Amino acid sequence: MTTSASREKTRQVEPFGDDVSTPARVAEPGEAISYEELQLAARNHGMPLEALAYDLTPTGLHYLLTHYDMPVLDPDTWRLQVDGLVQTPYAVGLDELRSMEAVTVTVTFECAGNGRARHEPRAQSQPWLVEAVGTAAWTGVPLARLLERAGVRDGAVDVVFTGADHGVERGVEQDYQRALALADARSDGVVVAYAMNGAPLPPQHGFPVRLVVPGWYGMAQVKWLTGVEVVVEPFDGFQHHAYRLRQGADDPGEPVTRIEPRALLVPPGFPDFYSRVRVVRPGEVEVVGRAWSGWAPVTRVELSTDGGATWADADLDEAPAGSLYAWRRWRARWDAQPGEHVLTARAHDADGRSQPREAGWNRGGFANNSGQRERVVCLPR
Ligand SMILES: Nc1nc2c(c(=O)[nH]1)N[C@H]1C(S)=C(S)[C@@H](COP(=O)(O)O)O[C@H]1N2
Ligand SMILES: [Mo]
């Protein structure tokens with residue numbers, strides 16, 4: 001821990017774990033989902049896959065991930081403190097923020113832990129399958145404007161973002177904090193947002209104000225934002241140790257940053273209630289879905305109806321207007337024949353990244369963009 005921000009706000013709490021360097025426990029092979037994983041899954045819901053039909057995810061259907069409790073903040077007394085290595089530290093309230101020149105960015109968010117429960121063995125944490133995703137139009141003030149007003153001084157390295165929520169994680173008591181390198185913080189589309197899909201942020205998505213960092217996995221999108229601090233050393237807080245691609249407990253690993261390419265499809269036909277296996281009737285079925293990448297625009301999507309043995313190109317729509325790293329809609333036709341099928345899709349982006357059928361394993365269960373496996377039963381004629 002090297003910055004004043006992290007020194008003040010974190011401390012060790014004995015009964016809950018060892019220390020910052022201890023990754024989450026990995027389940028034994030075949031071990032059932034625990035009570036604690038169920039408890040997390042019930043609080044942090046995914047986006048029902050049929051909502052892939054919408055350009056903008058209706059707000060209540062957007063996935064949700066909150067590490068601690070959702071803080072209840074008073075919009076009249078809430079202030080965003082901008083300070084650290086700046087010429088003029090200041091605090092700004094909600095009315096003033098709303099009176100500044102606004103921008104709206106349409107951005108697809110995905111939790112870095114999406115796909116975690118499909119790792120074998122899996123990390124014990126929020127047990128996502130493939131549904132930790134959503135797209136929203138976020139309105140607010142460019143972070144670059146707010147930094148410019150403070151006057152960032154020479155020698156600045158990182159910008160640290162602090163949320164009002166507080167908890168303990170693997171023994172470390174903390175405010176939720178993440179940082180960006182100064183150049184990333186100043187980049188286009190990084191917004192301090194007070195509206196989601198044209199309405200004030202709801203409590204669960206960061207009311208009154210959150211950070212939006214297009215293209216990055218969810219952990220960077222700090223909710224209930226109260227502090228923006230410019231610092232002289234690379235930020236070394238808990239959430240930066242936690243989000244790394246490690247092979248073992250001692251592996252320092254690489255940081256989790258941008259979203260790996262992924263395509264998902266709306267499960268076709270109608271579901272069986274318990275198993276959610278799909279049922280379709282024989283004949284032509286239109287399969288629709290969305291594809292995105294946080295590195296570069298998606299350029300190609302393929303659909304397989306035989307579990308990945310053979311692939312056919314899908315038609316790809318334009319990205320929504322005003323979007324930055326937002327998903328694109330795709331469509332393909334499938335001539336369904338009686339029997340059992342496994343549907344899956346894969347995305348490719350302009351950087352040459354392709355979605356693998358099976359992504360590699362890592363200890364935290366991050367960035368698992370393995371293909372969706374949608375089981376479909378086609379009825380007899
Ligand atoms: N303050 C704060 N910000 C946070 C979190 C949090 O627990 N506290 N969770 C992060 C994670 S891990 C994700 S995936 C996204 C989820 O954003 P959403 O709940 O609005 O979809 O918020 C991020 N921002
Ligand atoms: Mo997340």
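Model, not experiment: these values are computed from the prediction. Whatever order the structure lists them in is the order used to number ligands and atoms, beginning at 1. In this chain, residues are counted from 1 in sequence order.
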Going by the rule side-chain hydrogen bond (donor to acceptor under 3.5 Å, both in side chains), which residues pair with Ser304 if we only count those two or more places apart in sequence or in a different chain? Asp306
Got a list of side-chain donor-acceptor pairs under 3.5 Å for residues 92-102, not counting sequence neighbours?
| unit_1 | atom_1 | unit_2 | atom_2 | d |
| --- | --- | --- | --- | --- |
| Glu96 | OE2 | Arg149 | NH1 | 2.9 |
| Glu96 | OE2 | Arg149 | NH2 | 3.2 |
| Ser99 | OG | Glu96 | O | 2.7 |

Working to the nearest 0.5 angstrom, can you tell me the gap between Thr299 OG1 and Arg353 CZ? 12.5 Å
Which atom pair, heavy atoms only, marks the closest approach of Ala220 to Leu211? O-CD2, 3.6 Å
Considering all heavy atoms, the nearest Leu65-Trp128 contact: CD2-CZ2, 3.8 Å
Which atom pairs, one a donor and one an acceptor, fall under 3.5 Å between side chains of residues 189-204 and the rest of the protein, sequence neighbours left out?
| unit_1 | atom_1 | unit_2 | atom_2 | d |
| --- | --- | --- | --- | --- |
| Asn197 | OD1 | Ala137 | N | 2.9 |
| Asn197 | ND2 | Thr57 | O | 3.1 |
| Asn197 | ND2 | Thr59 | OG1 | 3.1 |

Could you pull out every N or O of ligand 1 that sits under 3.5 Å from a protein N or O, with the distance for each pair?
| unit_1 | atom_1 | unit_2 | atom_2 | d |
| --- | --- | --- | --- | --- |
| ligand 1 | 1 (N) | Asp165 | OD1 | 2.8 |
| ligand 1 | 1 (N) | Asp165 | OD2 | 3.3 |
| ligand 1 | 1 (N) | Lys223 | O | 3.0 |
| ligand 1 | 3 (N) | Lys223 | N | 2.9 |
| ligand 1 | 7 (O) | His67 | N | 2.8 |
| ligand 1 | 8 (N) | Asp165 | OD2 | 2.6 |
| ligand 1 | 9 (N) | Leu65 | O | 3.3 |
| ligand 1 | 17 (O) | Arg210 | NH2 | 3.2 |
| ligand 1 | 19 (O) | Leu65 | N | 3.0 |
| ligand 1 | 19 (O) | Lys223 | NZ | 2.6 |
| ligand 1 | 20 (O) | His205 | ND1 | 2.6 |
| ligand 1 | 20 (O) | Arg210 | NH1 | 2.7 |
| ligand 1 | 20 (O) | Arg210 | NH2 | 3.4 |
| ligand 1 | 21 (O) | His62 | ND1 | 3.4 |
| ligand 1 | 21 (O) | Tyr63 | O | 2.8 |
| ligand 1 | 24 (N) | Gln221 | O | 2.8 |

